[in-house]
Amino acid sequence: MTFQTVTAPDAGEHEGTVRRRPSRARGTLGVLAVVTVVAATMPFVLPESQQAVAIRVLIFALMATGWNLMSGYGGMFSFGNAAYFGVGAYADVVLLVGFDVSPWIAMLAGAALAAALAVGTGYVAFRYKVRGAYFALATFAIAEMLRLLATDTTWVNGTIGYHVPLLQEESWWKFQFEANAPEYFWIGLALVVVAFLAVFFYLRSKAGRYAVAIRDDEDAAAALGIPVMRYKLTTMALAAAITAVAGAFYAQYYMFVDPDIVLGQAQSIQAIVPAVVGGVGTLWGPVIGAVIVGPLSTVTATLLREPPEALSFLAGRGGLDVVLYAVLVIVIVLALPKGLYGTIRQLVIDRWRSR
Amino acid sequence: MSDQGLRIEEVSAGYSGLQILHGISLHVDAGELVSIVGANGAGKSTTLRLISGLLRASAGTVTYAGERIDGRRPHEIVRRGVVQVSEGRDLFGPMSVDENLRLGAWTVRSGVDELLDEVYALFPALAERRRQAAQTMSGGQQQMLAIGRALMSRPKLLMLDEPSTGLSPKLTWEVLEAVRSIRDRGVAVLLVEQNAAQALGISDRAYVLESGTIVLDGPGSALAEDARVRKAYLGL
Amino acid sequence: MSSVLTVKGLSKSFRGIAALSDVDIDVTEGTVLGIIGPNGAGKTTFFNVVAGAFKPDTGSVTLDGKDITGFPAHKVARAGMTRTFQLMRPFATLSVLENVAIAASVGGGSQRAARRRAEEVVASVGMDEWADTVAGTLHTAALKRLELARAIATRPRVLLLDEVLAGLVPTERQPVLDLLASLRDEQGLSLVFVEHIMAAVMRLSDSVVVFDRGRVIARGAPAEVVDDPAVVEAYLGTAPSTGETTDE
Amino acid sequence: MSTAEALTARWRSVPAAPAVAVGLVFVLIAAALLKSGSGTITGQAVLTGLVNGGVYSLLAMGLTLIFGVLDIVNFAHGAFLAVALFTTYQFVATTGANPYVALPIAIAALFALGALAQWALLNHTMGRPLESQLLLTLGLSLLVSNLLLLAFGGDPLSVAVAGDHGINVLGAVANQTRLVAFGGALVLAAGLYLLLGRTRLGRAIRAVAASRQGAGLVGIDVRKIYVLTFGLGTACAGAAGMLIAPFTTITPTAGDQFNILAFVVVVMGGLGNVAGALISGIIVGLVEQLGGVLLTGQSPLFGVFLVFILILVARPQGLFGARQ
Amino acid sequence: GCGGGSTGTGDSGGTIKIGTLHPLTGPFAGDGQQMENGVKLAIEDINKAGGIKALDGRKLELAGGDTQGKPDVGQSEAQRLVTEGVTALVGTYQSAVSANVAPLAERNKVPFVIDISGDDGILSHGYEYAFRMQPRNSVFGTAGAKYLQEISKAAGKPLTKVAYLHESTAFGTGVFKAFKAEAEKAGITVDPEISYDAASVSDLTTQITQVKASGAQALVVTGYYKDGVLAAKAVSTVKPTLDAVYGIANGAFDQPQFPTDAGAASAGYFDVNYHLNDKSPEATKFAQAYQAKYGQPPRTGAALAYDSVRVIAAALERSKSVDGSKLRDAITDTDLTPLTLNDGPIKFDDKGENSTALPALTQVVEAKPTVVYPAEFATAKVTYPAAPGA
Ligand SMILES: Nc1ncnc2c1ncn2[C@@H]1O[C@H](COP(=O)(O)OP(=O)(O)OP(=O)(O)O)[C@@H](O)[C@H]1O
Ligand SMILES: Nc1ncnc2c1ncn2[C@@H]1O[C@H](COP(=O)(O)OP(=O)(O)OP(=O)(O)O)[C@@H](O)[C@H]1O
Ligand SMILES: [Mg+2]
Ligand SMILES: [Mg+2]
């Protein structure tokens, strides 16, 4: 029952196709190892005043990785990742402050809780076929509802929020170090690496492959016997867990959590921006995007702290740095249709193909 | 004479760094019915997309009525009378048959009602469904609507991409009959068809496209007799 | 021989307009049933309802003695009946091999085993040279084969094929027909296929059902059906023939 | 395809949706009556809700047009609203004229701004996935509001309409200026409806919404329609900005608070559906006000989001959206 | 860890950096920029007067940070400033931002002088390096209740029932609670209590209708600028019968542009707030200098920021060192007459609160918020009752 290969009146026919090399696991993992080692030296390399920026990069990378899994690979465009981020952050502080639980355990609890939230809301949304832009806005509404709920609930301190209590000395168990200690960076880095690996192996697993297939065509996947709902929810749960870990790390580093900060729409947006800048639906995109977006606002602010001569009439009027930041974001979006990593990869593929 | 028609010279084109057409040349004179036949993936649709401005050529020229049209955008090409019925039909799904047809006459400012009557006369099945939304119609009716919509712009050159695909045998006939009668009204037609035998049967001339290169051309009836064509495309 | 798929009294309407009314169909194990009918007759809708994309308004679907009426699509597939789509629906960002491997892994088993099976299936449909090609950039003929390969990879007992030949040049049709015949003859698969290319219907079908306006208007052996005046009137037409209506 | 779809949708298939919405509003009114025990308060909440809802509709109509036709989630809409507020302010400050004289100016200025944004920026990202345009409009929003900050400073400004006073409507009061804005919403909705349904431009817009490629193939200049549509949508923000200027505190970020509610309204009404946006805006306004009476101490937005989720579950395509 | 502790001391030469953290962009940019200007003016004045004399006339230098009104940005900026070697921090306006910066200052042993941020909780964690200039929210609430009771009694129309309208976050709730406790002691019923979400509110007519229906004699309002104006407009539309509309820590009722934005109906509005001491010549001089330099009158926030720098400068003179802990000790000994109304010179208690911070009562008189109470600071007489729109 084998086809004779048809179509081909002459050779060279396959010139007209895009090929895809099976991705090599070793290569990616090797690059990851090298990047990790190089990144781990950052606390020694970066000027101290930039350490906070480096931490922000890590948090962005975690959040964007979570968002990218759900929206980029899973095709479920989320505009409400603040919900998972906030659940992670709140689980951390509530358990730590209220019950003296180690932040590490709280982190796991937060991840589990966020995953449960994702599964619950996702189930309802998919059950009722809420899709596309409607789904995006529904996730947003859920995040906003959580924010408002936290705001009005005295049990989680309402708008006052939580402080992580200061300790007299450093403690791994309590996840607290001296201000600006390199441990924060290393732990953040480790979390990013773990999240990266989680996504990497998930995508290579059966579930991950189904998730991508479902993104490409849900009905076709169902027709082949894939239980669409189950794998959409699995993907959402993992993405939510990663985002929650980002939230817990955030809480431990910034030591302050309130509803607007961790559940506000700014977090939902912050999860998206690095992924888009780096390249949606690529493994490295969110990480690269975070490295660009994280320092961007600081760079523009530094650049314009003392406005140049020509603009000195604007001195004392804030906003110029944000204007520059906005212009840069616009330029990046216009110039890099597939994000930085996506665009570069495309160029490489094109070059390789045209040879 | 030929500068009244379409002339493609040494055109190459492709998708994001991937070349599909390798310097093809062809022409369609006024009032001619010309077909392009070729294997799946040979680049037939790509050729039509290129002419109608949906795709840009990376090299070569396309002229119509003596004027360069490559690099122009689709609506500018439509205004010159070169109109395509695409493979996917691209109907305005939620709109009624009537509205689809009237939109087809976008570039025509007068006599739209008469045109409409002509199209309904050509496709009575459409006349019965004036108010029906395009997306609720069956495949064949949608195909007729797509052709009808293209006719509404009083094209001078009509390009059809596989108009009979998915149609019942009965409708296939009706559509190809319609194509012939369109040509008979003086409209030039460039036709891409899987049913190469039928297509060649009604064509004045035809080209054979293989892997983005034109390998044969000649009168339709002559190609239909050509041994290579018969073997490769007619399944004989 | 026993029937593998039995459909009784199936009806489905959209916004009050009946797309299927009271359809009965019976597929004998190891045979090919051809479905023909004018455009808009309800053929695709029939597949959609039987394969679980839509729920029927009334009627029942029995596969291998098991009532699968109203099963969601993925359960129908797991029960042993897989369908293909009239408009090709590849997983556009994945390679051909990955597309098929995903289908192959659905029943269970390791990913490695799924990949091996996918390689076999891809080869069997003559696509091994395309294995690493991204599905979104394939042309019609390749997509049709991919659609078929994916369906085969799920190891179905019954295959529902919606116009697998449409859009193929005549030379491309032959090998697909050969493959379908071998699925039936060598693997004992049962096929239900919708097709407008009568030559293929005549060649492959063991029996034929004709739909019109959501109803079955004729059924029987291929040769009987095409002579039925109602079928000629509704479907085949009596247009002046140049002798090339049915290729080959 | 939604604008065209929405407008072409057969209404007889939809009556359940408005019925549910109206029912919901009545339940809320009854509950508010019980809770407050006062007809005056409930009456006031209903009137305020209606009138505020009109404001949400004003903004949502422009958004829904852009969303429905161009598939752009326009985050800069709020910033554009702020531009309209400042345009009005600047006009009044320099001429001393009645703010309503600024209406045509605000509309024209914002039309030009929107058209420019689409022509210079967004046209280059059409056909890319949702998040590209989203990020672009996000950047645009930051850019616009901070340019306003640079130009006008962050201090709140206001424009006053001479002799604005409360008007008694069946025992409840609403300011003249707010009633005018409500009227403006109705007029705008009617205008857009006629424009889309009855004019050549409207047909072109609906055609582009239904099929971009198809529109190009019948000779419509798709990019021009994009520019006009975005301009029109933004001009709606221009009208909205002028109409709400008399009762809003004018700051560079004044539009942000409406952004999110406007999106909720857009989705609730069905993407691209102008009439849906009008009705949903009013529902949101009512839910917000009645919710404020019912759940004292809770943010009334909670009720709004709750209703939003319920509506999505009941009708995933929005109250008045057609099924895909 | 490494590093952290060695920063902040700086070397012996060069300028002394004062880090500022204010919302220079975002919704509160107007106030943030005013406060930033206040800091600039203070640094200029101190440098003109010869710098820090105890440290060989070393000059002060501004190291600015924009919090954008976001706590995490505020904290990153603070961290940056600290590692860039600022000697002290001044800021931040929003309580959530200050709450985020305070522990950071603590961990880095950099004194942090809070010019504005009212939330009681900020200094409740026993931080040693954080100080607050303005009266905290509960002080506002308590003083507000006291003043209201006193002026109504003095006018011969003692209150028995007031309605309270406040924004729903910790700010509004905190002030409200303190007010209620004090008011109830004085036999005043507080009912109804109505809260609203300041971020999203666009109309308060329904709420004011509730006030009208309740028959309360006065309306107390705590909130921000925009919602304050909305409340005033709603009052003028609904026309409830009230003896007074009375703001406490209200972001609008004491602002110079409030009468313009709210219209004639704003006449007679009260507000309990921090306020420039209009009777002090220094304050007048400051106001003139500010006006001359920045083309607008200063708000009290600018004066608080100005004073914050003065507090730091004076402490530097005493500590004769830029070392964080020494400077911190010196700040605890502050004894400095402020530009704002105060119950004597600034003195910090063991929590770091300015124990002499005193809210003043202003009233809109001839379209201008004017101090009317306590009498020793008043530049006009209290008008009570002051029915809105009358
Ligand atoms: N968007 C695209 N991106 C990349 N490659 C494409 C794209 N569209 C088509 N191709 C490739 O271009 C080649 C030519 O396609 P084209 O559609 O012109 O073929 P055709 O002759 O019309 O064949 P048929 O319609 O029968 O498939 C094919 O190999 C196809 O895979
Ligand atoms: N989702 C739907 N909503 C409304 N009407 C539908 C829907 N799906 C199908 N229909 C209608 O049901 C009828 C049957 O359509 P169906 O697609 O089954 O026809 P078909 O026999 O497969 O035709 P073709 O040969 O052209 O593919 C048509 O009139 C069609 O418009
Ligand atoms: Mg083609
Ligand atoms: Mg079909």
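None of the values given here were measured: they were computed from a predicted structure. Below, chains carry the letters A, B, ... as their sequence lines are ordered, and counting in each starts from 1. These values consider heavy atoms only, across backbone and side chains, with no hydrogens, waters or symmetry-generated copies.
When each of G339(A), A326(A), A136(A), S71(A) is checked for heavy-atom pairs under 4.5 Å with chain D, A326(A) comes out on top. Taking L324(A), L149(A), L328(A) one by one and counting their heavy-atom pairs under 4.5 Å with chain D, the maximum is reached by L149(A).
Heavy atoms of F302(D) lying under 4.5 Å from chain A belong to its backbone as well as its side chain. At a 4.5 Å heavy-atom cutoff, the contact between L336(A) and chain D is made by backbone atoms alone. In this structure, chain A has heavy atoms under 4.5 Å from both the backbone and the side chain of V267(D). Residue contact with chain A, scored on non-hydrogen atoms closer than 4.5 Å, is absent for L148(D). Only the side chain of I269(A) comes within contact range of chain D, judged by heavy atoms closer than 4.5 Å. Contact of L121(D) with chain A is made through backbone and side chain together, with heavy-atom distances under 4.5 Å. When heavy atoms are compared at a cutoff of 4.5 Å, V280(A) approaches chain D solely by way of its side chain, counted from C-beta outward. Of the atoms belonging to V329(A), it is side-chain heavy atoms, and not backbone ones, that fall under 4.5 Å from chain D. Contacts of F135(A) with chain D are absent, with no heavy-atom separation under 4.5 Å from either backbone or side chain.
A 4.5 Å side-chain heavy-atom check between L312(D) and Y128(A) finds every atom pair outside the cut-off. Two residues are said to be in side-chain contact when any heavy atoms from C-beta on lie closer than 4.5 Å; F308(D) and L137(A) meet this criterion. Using a 4.5 Å heavy-atom cutoff, the side chains of T125(D) and L334(A) are in contact.
Between E144(A) atom CD and L261(D) atom CG the span is 9.0 Å, to the nearest 0.5 Å. To the nearest 0.5 Å, atoms CZ (F77(A)) and CG (L134(D)) are separated by 5.0 Å.
Residue F86(D) places its CZ atom among more than 12 non-hydrogen atoms of other residues, nucleotides or ligands, all under 6.0 Å distant.
Of all non-hydrogen atoms in V333(A) and S132(D), the two that sit nearest each other are CG1-O, 3.5 Å. A pairwise comparison of heavy atoms in F305(D) and A141(A) identifies CD2-CB, 3.7 Å as the closest pair.
When ring centroids are compared, F75(D) and F79(A) come within the 6.0 Å threshold.
Residues of residues 135-144 of chain D that come closer than 4.5 Å to chain A, counting heavy atoms only, are L135(D), L136(D), L138(D), G139(D), L140(D), L142(D), L143(D), ordered by residue number.
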